[in-house]
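See structure below.
Protein chains get the first letters and strands the later ones, always in sequence-line order, with residue 1 at the start of each. Keep in mind that the numbers below use all heavy atoms, side chains included, and drop hydrogens, waters and symmetry copies.
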Amino acid sequence: MQAFLVILTLAALALVAASPRRFRPTRSRSAVNTFIAVWGSVVVGILLGPTVTALIPAQPITYAKPLAVLGLGWIGVMVGAQARTSLLRLVSRRIWTIVALDTLITAMVIAPLAYLALSRWLAPGRPPSAVVALIAAAALGWAMETRSARVASTAEAHRLAIVIRASGGLLAIAAIIAVGVASIISTTVTPLATAVSGATVLVVAATAALLLKFAISITSGKRGDQLCVFLGAVGLAAGTAAEIHLSPLFAALLTGVAIANMPGKGLRSFEAFILRGEHVVAALFGLTAGILIDIRIGLGGLVLVFLLTAMRLLLKPVTLSLAIRFSDDAPGQRLPASSPLYLAPIRVSPVAIALGVSLVLLDPSATNNRVLAVLLISGLLAEVVSITLTAMGARRVGATKAVAA
Amino acid sequence: MSRAVRLILSIAAVILIALLAHRQAEASDGLLASGAAIGTLLLGAWFTGRLVALITLPKITGYLIFGLFAGPYGLQAITHEQLDYLRLINDFAISLIALTAGGEIHLALLRKSARTISAILVMQIVAVMTGVVAVAYLTLPHLVTGVDFGSNAQLLIIALLVASVCCLSSPAAVIAVLTETRAEGPVAGMTLAVTVCKDLVLIVIFAVVVSVATGVIDPESTRSLVSASTLKTIAVHLLGSLAMGAGVGFVLAVWLRRVRVQIPLLVVFTCFGIAVVSESLHLEPLLVALTAGMLVLNAREHDAEALFDTVEELSVPVYCIFFALAGAKINPEALALTWPMALVLVGTRTATIWGGTTAGARLTGLRSAWLPLGYLPQAGVSIALAYAVKETLSGLPDISDKVFTLLLAAITCNEIAGPALLKLALVRSGETQKDA
């Protein structure tokens, strides 16, 4: 009976939390809608997980881990598929400046902070460098969703929204690469072994992409076949990386990059097909993340949560403003001097959830579980803060329409 | 380069990557590696399915062959540890296949053909049980050497156990071939309906035979041959599965009528839910999902279209992984060890299924020479029953091992040849669609 209740609750809550309307908020009460999106699934997962109601038994959670690897693969490919060279060439210098500045500030401020907090509270002694890199990478960038920020729908605001989305996408790629490289370095002891591991990931990703390309060319556009070969390629790339204790997200990202840059008919429509499943994957993934975490993070964990959130609150809007100020406006590309949209980067990128889950999947130690919990709780907190501040700012300037970006 | 060569190279690449990963992983962690196993099975099986389709074999034969070659008894690209962690995926696949089967059964058509279905079902079960029991009783002591089968009663009960496993066909294989060929017509409809009904009847028959066998093999057992508790367990098992299936079907129907969004997520959650809950409540996931699918189709046919479209989209990866997993569990050594008796068993099963089906069809005026071929495939449920036979005979370790190996060998033959013969029957009956 308990299992039956679990499934009913899980299904009902996840379906409500994951409805497309909540992922693509365009109507009223946008703050509530946005908050519910992927974070809603995380909250549902936490409620059903071992630390709150313990409604989900341990065994199904264990057996769901292979599916979580597939989910990571799906996310990695989706992020990697954005890195098409023809699109990257169109990215303005301003956006590259934002990416560089955010990466620099995160490396200079968040990474040392994570190291100190970890060594002081979560993993006394010398904290693993891969975990430090992961916390810093999870802090890179911001959510790419801007429609819910209900600011005046002017051309300038529209351009700013595009800048936020584009830089968020590039920073998500940077975050996954950082964690991938850190996982390779931390799991090998000699330079030769590092090179072999790196080459293995590259070979696996390239082979998976080539196999996928060939498979797609003979699917005749049938969705069932497309889904099968996509899941197969994703499982092969992400799963193989996980098996050799490297980042599944990184391998999948490289596969996505390769797919996006391969010539071939049918690949573009295939990308659209992959995107159709984004909210299903996000809902399932948010649930898995919520179920996996242990929210009893202790005082040290709480301090880290508040530090990470405070740093986002202080640094992200400043980073965006500074980068924009120091890069010249191209003709006709002027951005607003002030806008509530400058507060949108406080929101954590959903890729942070995937990074945290990958850490726990590869090594489900108590420390890593607490790190995942810290990432998720600080993400939730940042979400609430950002939404509240953006809504307050929008009310003050009297904006009523959402930015369509 | 021809398509066949490119497909073979792709299959080789998939297997090589899996082997490379096993080699590079310092300590094999089955749980972590199971993600890679999903990828290997999906991609490798899909390519092999395409390859065998070039010689007009059904794709599921390719999925099985890939599982066999890449599995723990073949090249070991998939290991036993990886397979253990794919149980949830396998149960999910069973639920989705059964949901598809339920979505194919129109109650109106079932009522119209009830006489024919009953006649074929009864004649087939009688023919297979009689024929296989007789042949097994007479030949087991001669062809399975080095074992003492004990008293005549014991030999008879062993023959009965073997016969009840032989009776079973595979609803999953039938559904997969029907989906692939998009076959419609009397052979397709009758094959599916009889296979599904036979599955339900055989659950009861098998439970009774196991109960009798336990009494015969263990003379000190105090209970009667068919105890009231056995019958009660069977009734709870079947009625519970039907009740849960009806409940799930009701929820699906309400969702399709009132909510109508997130159908893919609904299907995924429903199938996982059925898999997890059926296991914890000791119900039959196949029956639960089948009932749910039937209820949705017959209660809300118009709304059900969206549901079954999604189910069809998910069916290709599900068939790939389900049949590749089934193939990976095939032990070719079993066939090598017991092939003479296995061939006798397969031959007898084929002949009696042919005879029983033809007799049942003629009794009700149905004329189709190809219909009997539809009942030959066997797969996962038959293997599960073979394990149950092994457990039932565990008091006789020598016999139990030999009989289990023999059953696995026979099931292997039916598993590989059955789908191809079913496709042949559908093609020859002119019920397949050209674009399939």
Inset, instruction - Against chain A, work out which of A13(B), P317(B), A37(B), G49(B) has the most heavy-atom pairs shorter than 4.5 Å and name it. - result: P317(B)
Inset, instruction - Name the member of L43(B), I89(B), V14(B) that forms the most heavy-atom pairs with chain A at distances under 4.5 Å. - result: L43(B)
A side-chain contact here means heavy atoms from C-beta on lying under 4.5 Å apart; do [X] and [Y] qualify?
{"X": "V277(B)", "Y": "V288(B)", "value": "no"}
{"X": "S183(A)", "Y": "F250(A)", "value": "no"}
{"X": "V268(B)", "Y": "L314(B)", "value": "yes"}
{"X": "L96(B)", "Y": "V311(B)", "value": "yes"}

Return the option, out of [options], with the maximum number of heavy-atom pairs under 4.5 Å with chain B.
{"options": "A215(A), A242(A), A233(A), A68(A)", "result": "A215(A)"}
{"options": "I218(A), L231(A), L67(A), L210(A)", "result": "I218(A)"}
{"options": "C228(A), A241(A), G224(A)", "result": "C228(A)"}

Inset, instruction - Please test F66(B) against W46(B) for ring pair (Phe, Tyr, Trp, His ring centres under 6.0 Å), starting from the C-alpha separation and ending with a verdict. - result: CA-CA 9 Å; F66(B) 179 78; W46(B) 190 84; over 10 Å; no
Check whether [X] gets within reach of chain A through its side chain, its backbone, both or neither, counting any heavy atom under 4.5 Å.
{"X": "S315(B)", "result": "neither"}
{"X": "L9(B)", "result": "neither"}
{"X": "R6(B)", "result": "both"}
{"X": "L7(B)", "result": "both"}
{"X": "Y319(B)", "result": "neither"}

Region of [X] in contact with chain B, defined by heavy-atom distances below 4.5 Å:
{"X": "L211(A)", "result": "both"}
{"X": "S197(A)", "result": "both"}
{"X": "A238(A)", "result": "neither"}
{"X": "V229(A)", "result": "both"}
{"X": "L72(A)", "result": "neither"}

Inset, instruction - Flag the pair D225(A) and K59(B) as a salt bridge only when some basic side-chain nitrogen lies within less than 4.0 angstrom of an acidic carboxylate oxygen. - result: no
Inset, instruction - Starting at OG1 of T187(A), measure out to CG of D363(A) and round the result to the nearest 0.5 Å. - result: 12.0 Å
Legend entry - Aromatic plane relationship, F230(A) with W74(A) - under 30° parallel, 30 to 60° tilted, over 60° perpendicular: perpendicular
Inset, instruction - Identify the residue among I184(A), T200(A), T188(A) that makes a side chain to side chain contact (heavy atoms under 4.5 Å, CB included) with L246(A). - result: I184(A)
Inset, instruction - Please confirm whether the backbone N or O of A33(B) pairs with a side-chain atom of Q82(B), one donor and one acceptor, at under 3.5 Å? - result: yes
